[in-house]
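To start, the structure under review is shown below, and the notes come after it.
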Amino acid sequence: MALSKRGKDEETFYRGWEEEEALKGWVQPVAGDESKAACRFCECEMRADYTDLQQHAATAEHRNRAPLGSSVPLANEGVCASNGSGSATTLFKRTEASHSSTSSPETEDGETDEIMVGNGVGNSDAAFRFSTAPTLEDIRRLQSAFATERGWGKYHQPRNLLLALVGEVGELAELFQWREEAPEGLPGWTVSERDALSDELSDVLIYLVALADKCHVDLPSAARRKIEKNRLKYPAEKVYGSSKKYTEYQK
C-alpha cells in the first residue's frame, strides 16, 4: 500500500500511485501543484491524499466514466463529493478530523448508527452510502462564505431562500417528469443525465442548508429528532409494509 512507502502526513503526489491496482490508469499528477492529483476519466482534481483518491475511485461517477475492465471499488468502499467538473472536489475540502470512508456516524450515546440505502440488487455488500465529508456544517460555512464574498447577504433571507429552494425542486422534478420509470440506481441514465441530477440535488441541498442557517435551525440535530418522532408515529410492528398515515393507526 502506498502509505507504507511514505509518511502518512505527506500531502504531495506520489508517483507509485500510478502503478497501484486501484489507482492505475486514471490517477495522474497536476502540473505545477504537487498537493493535488487528477482523474483522467472524470477530468477533476482532488487533494493528493491516498484516502481521497480511494474515495474518488468509489464514486458512482468514476465507475460510470471508467472504461470497461478498469479496476474500480464497490460503492460501499466510500465516495467523495464530485460532480465531474472538478468544482466539488476542490471546493469541499476534507476536514482535518474527517473520518475514514468506512466509518459510520455515531449516535449521541456513542453507538454506531450505520445509515445505508440498498442499491436495488438485493446485495447488502454493495449497498450505497454517502461519503463522510463534507458535513452539513462544512456546506453551511462554504455557502455562507460564497454569498458573503459576493455581497448577496441582503438577498439570502429566509423568504428568498425558500422560494429559491422551491424553484430548484422544480428543476429537479423536470429530470423525472417525462420518464415512465426511475427504479433505484437509475439504470439506463447517461453520464450527462446523472451529472444534471447531481447538480440539481446539490442545489436543493445547498439552499436547504442556507435556509436552515438563516432560520437558526440546527439541521443535523433537527433531522435526528424528527426521525425519532417518526419512529414513535410509525411503530414498525404496526406499519410494516403499509403506506397508511400515522393517524389511521392511532384510532
Side-chain angles (χ1 to χ4, degrees), residues 8-9 11 30 33 35-39 42 44-62 75-108 110 112-117 128-153 155-158 161-162 164-165 168-169 172 195 197-227:
K8 292 184 179 180
D9 295 329
E11 292 186 3
V30 174
D33 192 344
S35 68
K36 292 182 179 180
C39 176
C42 303
C44 67
E45 298 177 0
M46 65 212 74
R47 195 174 65 168
D49 177 84
Y50 190 79
T51 300
D52 284 18
L53 299 181
Q54 287 181 309
Q55 290 183 334
H56 173 74
T59 62
E61 177 187 356
H62 182 80
N76 65 323
E77 293 184 17
V79 298
C80 71
S82 173
N83 66 3
S85 64
S87 59
T89 47
T90 54
L91 174 63
F92 294 139
K93 297 292 186 182
R94 291 171 57 83
T95 57
E96 292 295 325
S98 63
H99 301 292
S100 69
S101 63
T102 55
S103 65
S104 299
E106 290 187 348
T107 57
E108 293 177 359
T112 299
D113 183 13
E114 189 168 302
I115 303 173
M116 300 168 62
V117 179
F128 172 80
R129 69 179 74 192
F130 292 139
S131 56
T132 57
T135 65
L136 289 182
E137 171 58 17
D138 292 334
I139 295 173
R140 185 199 68 78
R141 288 188 295 101
L142 287 165
Q143 174 60 19
S144 178
F146 179 86
T148 299
E149 289 170 354
R150 290 156 179 77
W152 290 352
Y155 305 116
H156 286 197
Q157 296 306 306
L161 291 170
L162 173 58
L165 173 60
E168 294 299 338
V169 170
L172 174 61
D195 284 346
L197 176 62
S198 177
D199 286 346
E200 298 304 338
L201 283 170
S202 297
D203 284 338
V204 169
L205 175 62
I206 291 170
Y207 274 123
L208 176 62
V209 170
L211 176 59
D213 181 24
K214 291 298 183 178
C215 293
H216 293 184
V217 172
D218 182 354
L219 197 54
S221 296
R224 185 179 291 279
R225 288 196 302 272
K226 180 56 178 174
I227 291 174

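Going from atom CG of Leu162 over to atom NZ of Lys214 covers 14.5 Å, rounded to the nearest 0.5 Å. Here the CG-CD distance, from Asp218 to Glu137, works out to 8.5 Å after rounding to the nearest 0.5 Å. To the nearest 0.5 angstrom, Lys36 atom NZ is 12.0 Å from Arg47 atom CZ. Distance check, rounded to the nearest 0.5 Å: CD1 of Ile206 to CG of Leu201 gives 11.0 Å. With rounding to the nearest 0.5 angstrom, the CG atom of Leu208 is 12.0 Å from the CD atom of Glu168.
Contact of the Arg224 side chain with the Ile227 side chain is not registered, since no non-hydrogen atoms from C-beta on lie closer than 4.5 Å. No side-chain heavy atom of Leu211 sits less than 4.5 Å from a side-chain heavy atom of Val217. When side chains are defined from C-beta on, Asp213 does not count as touching Leu161, because their heavy atoms never get closer than 4.5 Å. At least one side-chain heavy atom of Leu172 sits under 4.5 Å from a side-chain heavy atom of Leu197.
Side-chain atoms of Arg150 come within 3.5 Å of backbone atoms of Phe146 as a donor-acceptor pair (strictly under, hydrogens ignored). For Ser144 (side chain) and Arg140 (main-chain N/O), no donor-acceptor pair under 3.5 Å exists by modelled atom type.
Among all heavy-atom pairs drawn from Gly153 and Gln157, the shortest one is O-NE2, 2.9 Å. Annotation for Ser202 and Ser198: closest pair OG-O, 2.7 Å, computed over non-hydrogen atoms. The nearest pair of heavy atoms linking Pro134 to Ile139 is CG-CG1, 4.0 Å.
Ser35 pairs by the side-chain hydrogen bond (donor to acceptor under 3.5 Å, both in side chains) definition with Asp33, not counting sequence neighbours.
The residue from Leu53, Thr59, Asp52 that alone fulfils the side chain to side chain contact (heavy atoms under 4.5 Å, CB included) condition with His56 is Thr59.
In summary, the side chains of Thr135 and Asp138 do present a donor paired with an acceptor at a separation below 3.5 Å, with no hydrogens or angles considered.
Taking the six-membered ring where tryptophan is involved, the planes of His156 and Trp152 are tilted, since the angle between them lies from 30° to 60°.
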